[in-house]
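Labels below follow one simple rule: chain letters A, B, ... track the order of the sequence lines, proteins then strands, and each chain is numbered from 1. Heavy atoms only: backbone and side chains are in, while hydrogens, waters and symmetry mates are out.
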Protein chains: 2
Amino acid sequence: MTEEEFLKNYDSTEFQKPSVAVDLVLFTIRNEQLQVLLTERKQYPFIGKQALPGVFVQMEETLDESAQRALYQKAGLHDIYLEQLYTWGALDRDPRMRIISVSYYALVPDSRIPDSEQEKFFPVEEILQRNDIAFDHREIIRYGRERIRNKVSYTDIAFSLVPEEFTLPQLQKIYEILLGQKLYKANFRKKIADKIQPTEKLTSGSKHRPSRIYRKKD
Amino acid sequence: MTEEEFLKNYDSTEFQKPSVAVDLVLFTIRNEQLQVLLTERKQYPFIGKQALPGVFVQMEETLDESAQRALYQKAGLHDIYLEQLYTWGALDRDPRMRIISVSYYALVPDSRIPDSEQEKFFPVEEILQRNDIAFDHREIIRYGRERIRNKVSYTDIAFSLVPEEFTLPQLQKIYEILLGQKLYKANFRKKIADKIQPTEKLTSGSKHRPSRIYRKKD
DNA sequence: AATTGTTAGTAGCAATTTGCTACTTGCTAT
DNA sequence: ATAGCAAGTAGCAAATTGCTACTAACAATT
């Protein structure tokens, strides 16, 4: 049997297969809190409960593309920091059938969230206290928060949560929220000095000293 | 329609589904090198080439269980450090059909590898130079190495690569291989001091000063 | 015009960690 | 004895982190 023959005869429907979905944890920072987008379920199961937005993986799209599609279809967003998180495979995680969920997380500055989506964000702290979240999505959110918490210190993901132009007090606040602890101003600035570029601009309108506006270097 | 009715009528075969497999990156350290288990493919596709051991995910097993099964069926190993790595979903990663692969990596001390498996390990450095590895498995191996390299500094995974009883020069060597750089003896010992317990035993048989034997604390 | 309140931003030092060199210890083989 | 060799320790310099206190620049109030 040649390879060609083999491939022609291969019956890919021979075995029963699980379904594969992508679920998206879309994080932002608002009101000095880490928040996540939740959608209300319109169908069984968990009708009326809140869940992460998700899509089934189509045969002709990669996982990354599924995640991007979810991001666009469910939140109207493009060109956002997006990274695979973990794949969940418990047998009973969906009562309909066996569904394996590849979770992704995305980070978006509050300023980029469309008006239509504003209402759908909820603080992670609160969500983790609740027990009425659909599926295993609360666990996914917790896991996502842990991932960011780890990565913030050795990557630049914090910049994904801030607009193109930002002040250092803003940026520091992002770091503090993600890490869950205060940082020292002077040390923080030394640390990130090589990642930022000052602009000529200063903030205005506040009733105290204005802050210099920076951009990410490169 | 009640939830029960809905679930009864739900047709889970309505859509075409990808297959889901688990591929295993089994790392060990031998000859002062990071090595990986590869199996020779006996079937199309990539017949004769080397690949990571893998299994299809069965409907009645979780992903972790699939990974453990692969570990046992393909390497005869039980109770090994095992962690999910990443899920690979390129459209053409398998020429037979759409297969989504959930990769796991495992860490095992060289001393625990059964005789029958000894021959199947190959140095990661070499593998990454080659271009005759089946599927996208070379990329998976590279990704696995990156993951360990990151985790070694803020977790205890290095202990998974060493027997229950070990010497500090042994352990330090493991860290050095994983990190890809030399460490300072005295500093290394300060760092891990709270993670280890000395035994009464010393090594013997060497023609120089014997080394104290330790165990992991807890 | 000076004072107060508030946040932005800088100085500087103590404590800890890391980088590095040199030493001492305990074994075997000459 | 002593030479060779790896195990293990001492200790200091350099860099990083923890922390306090300062100065700078604005608006609002006196």
Quiz item: Which whole-number value in Å describes the distance from A:Glu32 CD to C:dT7 P?
Solution: 11 Å
Exercise. Would you kindly give the NE2-to-C1' distance between A:His208 and C:dT7, to the nearest whole Å?
Key: 4 Å
Practice problem: For B:Ile192 and D:dG8, give me the distance from atom CD1 to atom C1', rounded to whole Å. | Solution: 13 Å
Quiz item: In terms of side-chain geometry, is the basic nitrogen of B:Asp136 or B:Arg93 positioned less than 4.0 Å from the acidic oxygen of its partner?
Solution: yes
Exercise. Answer yes or no: is there an ion pair linking A:Arg142 with A:Glu139, defined by an N-O contact shorter than 4.0 Å?
Key: no
Quiz item: Does CD belonging to B:Gln33 count more than 12 external heavy atoms closer than 6.0 Å?
Solution: yes
Self-check item: Least distance between heavy atoms, B:Ile213 atom then B:Glu165 atom
Solution: CG2-CB, 3.7 Å
Quiz item: In residues 156-175 of chain A, what residues come within less than 4.0 Å of DNA chain C, judged by heavy atoms?
Solution: A:Pro169
Self-check item: Protein proximity profile, nucleotides 12-23 of chain D - base contact B, sugar-phosphate-only contact S, no contact -, cut-off 4.0 Å on heavy atoms
Solution: -----SBB----
Quiz item: Under a 4.0 Å heavy-atom cut-off, which of residues 198-207 of chain B touch DNA chain C?
Solution: B:Ser206, B:Lys207
Quiz item: Separation of B:Lys182 atom NZ from C:dT18 atom P, in whole Å?
Solution: 18 Å
Exercise. State whether B:Arg215 and B:Glu164 are salt-bridged, where the test is any N-O pair (Lys NZ or Arg NE/NH1/NH2 against Asp/Glu carboxylate O) under 4.0 Å.
Key: yes
Quiz item: Can you list every side chain to side chain donor-acceptor pair (under 3.5 Å) pair that touches residues 186-195 of chain B, not counting sequence neighbours?
Solution: B:Asp156-B:Lys195
Quiz item: Just how far is it from atom NZ of B:Lys217 to atom CD1 of B:Ile196, taken to the nearest 0.5 Å?
Solution: 8.0 Å
Expected list for residues 173-180 of chain B: side-chain donor-acceptor pairs under 3.5 angstrom, two or more places apart:
{"from": "B:Lys173", "atom 1": "NZ", "to": "B:Glu32", "atom 2": "OE1", "distance (Å)": "3.4"}
{"from": "B:Glu176", "atom 1": "OE2", "to": "B:Gln172", "atom 2": "NE2", "distance (Å)": "3.0"}
{"from": "B:Glu176", "atom 1": "OE2", "to": "B:Leu183", "atom 2": "N", "distance (Å)": "3.0"}

Enumerate, atom names and distances included, each donor-acceptor pair closer than 3.5 Å involving a side-chain atom of residues 117-125 of chain B, sequence neighbours excluded.
{"from": "B:Glu117", "atom 1": "OE1", "to": "B:Lys120", "atom 2": "NZ", "distance (Å)": "2.8"}
{"from": "B:Gln118", "atom 1": "OE1", "to": "B:Arg30", "atom 2": "NH2", "distance (Å)": "2.8"}
{"from": "B:Gln118", "atom 1": "NE2", "to": "B:Ile113", "atom 2": "O", "distance (Å)": "3.1"}
{"from": "B:Glu125", "atom 1": "OE2", "to": "B:Arg145", "atom 2": "NH1", "distance (Å)": "2.7"}

Quiz item: What orientation do A:His78 and A:Tyr72 show, parallel under 30°, tilted 30 to 60°, or perpendicular over 60°?
Solution: parallel
